[in-house]
Amino acid sequence: MIDKRVGSTREAVADIFDGATVMIGGFGEAGSPIELIHALIDQGAKGLTVVSNNTGTGLVGLAALLRAERVSKVICSFPKTAGSTVFPDLYRAGKIELELVPQGTLAERIRAGGAGIVAFYTPTAVGTPLAEGKESRVFGNREHVLEYGIRADFTLIKGCKADTHGNVLYHRTARNFAPMMATAATVTIVQAADVVEAGALDPEAIVTPGIFVDRVVHVASPALESALNEAGASYP
Amino acid sequence: MIDKRVGSTREAVADIFDGATVMIGGFGEAGSPIELIHALIDQGAKGLTVVSNNTGTGLVGLAALLRAERVSKVICSFPKTAGSTVFPDLYRAGKIELELVPQGTLAERIRAGGAGIVAFYTPTAVGTPLAEGKESRVFGNREHVLEYGIRADFTLIKGCKADTHGNVLYHRTARNFAPMMATAATVTIVQAADVVEAGALDPEAIVTPGIFVDRVVHVASPALESALNEAGASYP
Amino acid sequence: MDARWNRHKRLAQDIPNGSYVNLGIGIPELVASHVPEGRTFIYHTENGLLGMGPSPAAGESDPELINAGKRRVTMMPGAAFFDQATSFAMIRGGHLDLSVLGALQVAANGDLANWSTGADDAIPAVGGAMDLVAGVKRVFVMTTHVTKEGEPKLVQHCTYPLTGRGVVTRIYSDLAVIDVTERGFALVELAPGIAFDFVQERTCAPIITNHARK
Amino acid sequence: MDARWNRHKRLAQDIPNGSYVNLGIGIPELVASHVPEGRTFIYHTENGLLGMGPSPAAGESDPELINAGKRRVTMMPGAAFFDQATSFAMIRGGHLDLSVLGALQVAANGDLANWSTGADDAIPAVGGAMDLVAGVKRVFVMTTHVTKEGEPKLVQHCTYPLTGRGVVTRIYSDLAVIDVTERGFALVELAPGIAFDFVQERTCAPIITNHARK
């Protein structure tokens with residue numbers, strides 16, 4: 001009998017430690033695991049390195065985690081979405097470190113980390129400031145840059161449906177980074193609006209197989225960043 | 001209006017040229033696109049390099065292509081399945097070249113070829129004869145070997161369902177190498193038992209998005225290697 | 001300038017039927033409104049959707065069906081969702097036929113700068129731009145010919161940080177269509193009512209006019 | 001030798017509940033018949049299935065639902081299908097808890113040879129063995145202690161081509177359970193009725209007996 005369910009978001013994130021590297025799914029608000037992020041704010045871990053495509057908007061979710069000054073570094077491709085003020089303010093104040101990575105390289109580095117590929121050569125970013133200081137090499141007359149796999153201690157992602165074995169489905173463009181992030185952390189934590197018994201999902205259609213998932217927590221009606229921001233919410 | 005259907009397997013493989021590199025899906029008989037392979041035998045192209053996990057059994061499908069002496073080289077992880085006699089005979093007679101690649105490295109090299117990753121470092125095969133002559137490098141106290149992406153001129157794969165845009169679903173363990181091979185060839189040709197209009201497949205469940213597929217041919221009742229071999233069939 | 005000519009429409013005419021196209025955030029997105037009669041383009045959005053459709057009707061939007069600009073979109077019949085590794089495999093692996101991007105500067109050698117002015121207080125943010133220019137078969141730039149301040153955007157050498165080296169195929173400005181060739185900028189077409197000298201004066205590199213095109 | 005002791009059953013006892021396990025083709029597959037009461041193991045087969053079940057009932061087999069040995073299998077509730085890149089991401093990325101493999105030779109330093117005798121007329125074939133030993137957290141070897149010809153399989157140095165260097169965690173033979181430690185082979189347990197000297201005589205490297213295990 002395998003059952004990866006945990007009773008609450010609080011329980012799910014209880015062991016995230018100071019200084020941990022945490023991958024957080026989402027592209028904009030699509031796929032952002034807001035309830036897990038809020039539980040992490042409550043939990044109090046600090047000095048985190050966060051790997052996420054964006055840095056959140058308004059004063060909720062990822063932006064709220066940054067605003068609480070729990071994050072010392074972000075690894076990110078696009079930290080200045082419209083409506084994003086928390087990160088820019090912290091960055092200009094020198095209170096947060098940024099490792100800027102092209103979006104596709106970020107995705108591939110996370111995938112590599114999860115797949116046991118220590119490093120790879122990509123043509124992306126050659127000749128740009130983001131390749132400066134990196135090892136490069138010419139293959140077939142074209143220059144490539146060496147990029148390294150990334151791994152994390154924890155991954156927080158949002159599925160639309162999960163089963164007790166940890167198999168996960170996503171909703172539309174909420175999928176984005178979650179399938180790779182699920183593979184690249186020591187502990188992968190999924191919040192899902194619907195949690196079903198093993199056997200209820202079509203084995204042909206599963207996006208993240210359960211082997212990559214450690215904990216599943218039921219969040220019946222996940223909040224959306226845009227709705228919270230329109231309501232003027234801030235967390236905590 | 002986009003419609004990638006072609007009228008016959010013959011038409012689908014008509015432009016495969018002498019000396020082409022051809023990826024062929026399948027793990028054992030599961031996913032082997034027998035009708036496309038037979039059409040390729042009829043078509044007559046020779047001097048082919050075939051990338052496929054196995055080398056076929058009996059005297060049909062992939063084994064028949066080898067037996068017709070159209071293949072000068074195979075890139076393969078396991079060329080000696082039970083019931084495989086054609087490849088061993090050709091190999092011992094020095095009539096075919098073999099590049100033996102560990103199965104996971106083969107999968108990753110094909111994926112890399114399709115994803116624009118020119119090369120990557122993997123721990124697989126370090127210290128074995130399959131790493132001899134390859135560049136290696138230590139990352140984090142562990143030795144890794146540099147492996148290169150593979151690309152092909154053509155890919156032949158078998159889906160269970162495809163739509164007119166080239167989106168493909170597979171049947172169970174027939175999926176195996178097909179999704180990567182679809183990405184790694186200049187021309188990807190899919191045979192499918194069921195071909196439907198665009199819009200009939202669930203966008204969340206598509207395994208191979210149509211961008212990777214060039215031609216779809218309807219093969220209503222695909223043959224299985226085991227059934228053909230039990231019937232004592234040989235091709236042509 | 002002839003109001004009937006617009007660069008989005010002009011660009012759309014250069015896209016073959018059945019092309020897989022990624023339209024950059026903002027101005028390039030308008031190309032989707034000018035698809036020539038009888039052609040179908042399939043739109044890719046790098047956050048994980050092939051077969052993107054137009055903006056949703058009022059009340060039918062889904063906050064988790066968005067494009068790379070984080071605006072809500074729809075999907076067309078034949079659409080597929082996928083993760084970021086797959087999405088950028090499409091881009092980096094050369095599967096997309098065309099990327100249409102905006103520009104801060106384009107150099108005569110095809111260098112593109114479109115992600116950062118390099119200003120001290122700027123928040124650096126790159127998204128998928130560097131992946132697109134490195135991987136997509138053809139990169140079209142859609143831009144005004146000069147900045148709001150009147151500074152030329154087509155230059156001999158980019159002064160802003162690069163997005164990619166030698167990546168731009170063709171430029172569609174409000175004044176002209178210009179190819180990037182081995183000999184530098186080459187005129188393809190002037191907007192109606194625009195004189196060549198007017199364009200050359202607003203371009204910081206020579207534009208050749210006798211380039212044989214295929 | 002006590003017929004009630006068998007190495008499959010013994011090995012199965014060492015697998016924690018909920019483990020993700022890849023059983024090599026042939027003899028290792030028999031472990032699945034000896035799962036201890038109250039435990040569930042999830043079986044991975046590298047050709048693309050997690051949650052593999054036993055052989056199908058007569059008349060219910062699917063030629064495209066097979067395992068890595070190309071034999072027809074079934075699937076359990078919670079199963080998932082995936083492609084080869086994902087399957088080997090599970091393996092290489094360290095997501096599987098255990099791989100059980102056969103062996104031609106195991107050396108005292110954990111080197112494993114199990115894919116080729118290196119004979120001149122052999123058809124080389126490796127499959128996923130090198131990936132499994134490189135990536136899976138623990139590698140158990142299940143083997144007869146000696147070959148049919150009586151040659152020891154546990155040796156000081158492998159003479160056959162290697163599958164991987166220093167990869168074997170523990171060996172389950174018909175005579176004993178033996179760990180691979182920094183000090184070489186270390187006895188964990190003798191099969192009932194088997195004397196230590198009997199095992200040592202059939203092993204081409206010293207077996208220590210005082211190794212403290214966790």
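Letters go in sequence order (proteins before strands), and every chain restarts at 1.
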Would you mind checking which part of D:T163 comes under 4.5 Å of any heavy atom in chain B, side chain (CB onward), backbone (N, CA, C, O), both or neither? backbone

Cationic N near anionic O, under 4.0 Å, B:R175 to D:E64: no

Distance from D:E46 atom CD to B:N176 atom CG, nearest 0.5 Å? 11.5 Å

Which region of D:D62, side chain (C-beta onward) or backbone (N, CA, C, O), has a non-hydrogen atom less than 4.5 Å from a non-hydrogen atom of chain B, or is it both or neither? side chain

Whatever's closer than 4.5 Å to a heavy atom in chain B on D:I123 counts as both

Under the 3.5 angstrom rule, does the side chain of D:D131 hit a backbone N or O of B:T124 as a donor-acceptor pair? no

Hey, is the main chain of B:T122 close enough, under 3.5 Å, to the side chain of D:R92 for a donor-acceptor pair? no

Using only heavy-atom distances, determine whether the side chains of B:Q103 and D:Q84 contain a donor-acceptor pair under 3.5 Å. yes

Side chain from CB out, backbone as N, CA, C, O: work out which of these in B:I110 comes under 4.5 Å of a heavy atom of chain D, or both, or neither. neither

Sort D:A122 into side chain, backbone, both or neither according to what part of it lies under 4.5 angstrom from a heavy atom of chain B. backbone

Honestly, the part of B:V101 sitting under 4.5 Å from a heavy atom of chain D is backbone

Enter the distance from D:L65:CG to B:T173:OG1 here, rounded to the nearest 0.5 Å. 5.5 Å

Check whether B:Y91 gets within reach of chain D through its side chain, its backbone, both or neither, counting any heavy atom under 4.5 Å. side chain

Whatever's closer than 4.5 Å to a heavy atom in chain B on D:F88 counts as side chain

Drop me the distance from D:D83's CG to B:Y170's OH, to the nearest 0.5 angstrom. 9.0 Å

Under 4.5 Å to a heavy atom of chain D? For B:T105 that would be both

Decide, yes or no, whether a salt bridge links B:E29 with D:R72 under the criterion of side-chain N to carboxylate O below 4.0 Å. yes

Contacting region of B:E143 [heavy-atom separation from chain D under 4.5 Å]: side chain

CG of D:N67 to CZ of B:F27: how many Å apart, nearest 0.5 Å? 7.5 Å

